[in-house]
Amino acid sequence: MGFEKHLHLHTIIMLRDLIRKWWQCELGFADRDGVVAEWDAGKITPPPNDFCRLSLFSPEGLKRCAQSVRVLATRFKESPKLRRAQVHECHLGLCVLGAPVYAGGEFAGMIFVEGFLGEPQSEAAAERMKMRTRELNPGQTDLDRAAVRIPVLGARDQERLADMLEWAATDLANFEADQLRVRT
């Protein structure tokens, strides 16, 4: 299922805007193999999180980010009864929260949000993240200041975000079903 046609749906536009406003995170889509088509096409929306941005704009960082997303997609693909949103820790130690999208009863991909923490970081964890980021992209960004700006979504916010992603996944599946009915 190509997600490009879904980017202009009111549900997705509204969800993307709310996620950006409330949590300073970016909404993404991955296909059934965990491939983020926008990233593969070089269409990377610069996320507000400096660590994610520096990673995504580094060839090795982009590769690692893509692998982090694939891990979560593989979890959904290999567990077809898993229908709830799940969280996974990325290569930098940030969270990726995704919800599976099913079309015609088959896993078609996932909708996800990445680049936040589940709880405030320890100094040691922040230093590890800064070190990993400098290895990927040795730019002049002030990572000390960036570390304090990483969004922190506690359990309550993660539950709300998961609900929103699951709702959007259901809406995408319904849209696909409607499109199939129109074509047949």
Side-chain angles (χ1 to χ4, degrees), residues 1-41 43-45 47 49 52 56 63-119 150-184:
M1 170 163 61
F3 286 103
E4 300 81 25
K5 63 186 171 189
H6 300 111
L7 296 177
H8 302 291
L9 294 175
H10 180 69
T11 298
I12 299 304
I13 293 168
M14 186 175 63
L15 181 62
R16 189 171 256 165
D17 288 346
L18 286 175
I19 289 169
R20 286 175 179 163
K21 179 181 177 181
W22 291 349
W23 297 300
Q24 297 78 49
C25 293
E26 196 58 44
L27 182 68
F29 302 91
D31 68 15
R32 68 180 319 274
D33 295 317
V35 175
V36 181
E38 289 177 312
W39 294 356
D40 272 4
K43 297 176 184 174
I44 300 170
T45 302
N49 180 325
C52 291
L56 285 168
K63 181 179 162 185
R64 291 181 189 180
C65 291
Q67 179 57 34
S68 295
V69 171
R70 268 194 303 280
V71 167
L72 191 52
T74 300
R75 189 183 306 167
F76 291 129
K77 189 175 181 179
E78 292 177 350
S79 303
K81 292 185 180 189
L82 187 59
R83 301 293 175 122
R84 300 279 320 200
Q86 299 290 305
V87 70
H88 171 71
E89 186 175 293
C90 81
H91 67 105
L92 290 176
L94 297 167
C95 295
V96 180
L97 179 66
V101 177
Y102 286 87
E106 297 290 321
F107 175 66
M110 69 177 203
I111 184 169
F112 68 94
V113 173
E114 63 178 346
F116 63 91
L117 295 167
E119 58 186 34
I150 297 172
V152 178
L153 279 66
R156 189 171 181 177
D157 277 336
Q158 284 185 49
E159 184 178 328
R160 288 176 177 156
L161 180 56
D163 287 345
M164 292 170 75
L165 292 178
E166 290 167 7
W167 173 77
T170 299
D171 199 51
L172 292 175
N174 290 339
F175 175 81
E176 286 298 313
D178 289 345
Q179 293 297 304
L180 183 61
R181 277 193 291 279
V182 168
R183 287 191 298 260
T184 57

Inset, instruction - For Trp39 and Glu114, work out which heavy atoms get closest and say how close. - result: CZ2-OE2, 3.1 Å
Inset, instruction - Assess whether side chain to side chain contact (heavy atoms under 4.5 Å, CB included) is satisfied between Ile19 and Leu161, documenting all intermediate values. - result: CA-CA 8 Å; Ile19 289 169; Leu161 180 56; 3.8 Å; yes
Inset, instruction - Run the numbers on Glu38 and Ile44 for side chain to side chain contact (heavy atoms under 4.5 Å, CB included), then give the verdict. - result: CA-CA 6 Å; Glu38 289 177 312; Ile44 300 170; over 6 Å; no
Inset, instruction - Examine the side chains of Arg64 and Gln67 and answer whether a donor and an acceptor come within less than 3.5 Å of each other. - result: no
Legend entry - Check: Leu153 main-chain N/O paired with Gln158 side-chain donor or acceptor under 3.5 Å: yes
Legend entry - Atom pair NZ/OG1 of Lys43 and Thr45 - distance to nearest 0.5 Å: 10.0 Å
Inset, instruction - Evaluate whether atom CZ of Arg83 has more than 12 neighbouring non-hydrogen atoms of other residues, nucleotides or ligands under 6.0 angstrom away. - result: yes
Inset, instruction - Quick one: closest heavy-atom pair of Phe112 and Leu165, and the distance? - result: CA-CD1, 4.4 Å
Inset, instruction - Would you name the heavy atoms of Phe76 and Tyr102 that are closest together and state the gap between them? - result: O-OH, 3.9 Å
Legend entry - Exam field: side chain Asp31 to backbone Asp33, donor-acceptor pair closer than 3.5 Å: yes
Inset, instruction - Working to the nearest 0.5 Å, report the span between CG of Asn49 and CD of Gln24. - result: 10.0 Å
Inset, instruction - Can you measure from CG (Leu15) to NE2 (His10) and round to the nearest 0.5 angstrom? - result: 11.0 Å
Inset, instruction - For the pair Ser68 (side chain) and His91 (backbone), establish whether a donor and an acceptor sit closer than 3.5 Å, ignoring hydrogens and angles. - result: yes
Inset, instruction - Using modelled atom types only, decide if a donor and an acceptor are shared between the side chain of Arg160 and the backbone of Ala155 within a distance under 3.5 Å. - result: no
Legend entry - Whether Arg20 side chain and Cys25 backbone form a donor-acceptor pair below 3.5 Å: no
Inset, instruction - Please name the pair of heavy atoms, one in Pro151 and one in Gly115, separated by the smallest distance, quoted to 0.1 Å. - result: CD-O, 3.7 Å
Legend entry - Stepwise side chain to side chain contact (heavy atoms under 4.5 Å, CB included) check, Phe175 with Leu9: CA-CA 9 Å; Phe175 175 81; Leu9 294 175; 3.7 Å; yes
Legend entry - Side-chain touch Gln86/Leu97, heavy atoms, less than 4.5 angstrom: no
Legend entry - Within 6.0 angstrom of Glu159 CD, more than 12 heavy atoms from elsewhere: no
Inset, instruction - Could you walk me through whether Val113 and Val96 pass the side chain to side chain contact (heavy atoms under 4.5 Å, CB included) test, one step at a time? - result: CA-CA 6 Å; Val113 173; Val96 180; over 6 Å; no
Legend entry - Between OG1 on residue Thr11 and CH2 on residue Trp167, distance to nearest 0.5 Å: 4.0 Å
Inset, instruction - Can you measure from CD1 (Ile12) to CG (Asp17) and round to the nearest 0.5 angstrom? - result: 11.0 Å
Legend entry - CZ on Arg32 to CD on Glu106, rounded to 0.5 Å: 7.0 Å
Legend entry - Atom of Ala103, atom of Glu176 and distance for their closest heavy-atom approach: CB-CB, 4.3 Å
Inset, instruction - Return the minimal non-hydrogen interatomic distance between Ala169 and Val101, and the atom names on each side. - result: CB-CG2, 3.8 Å
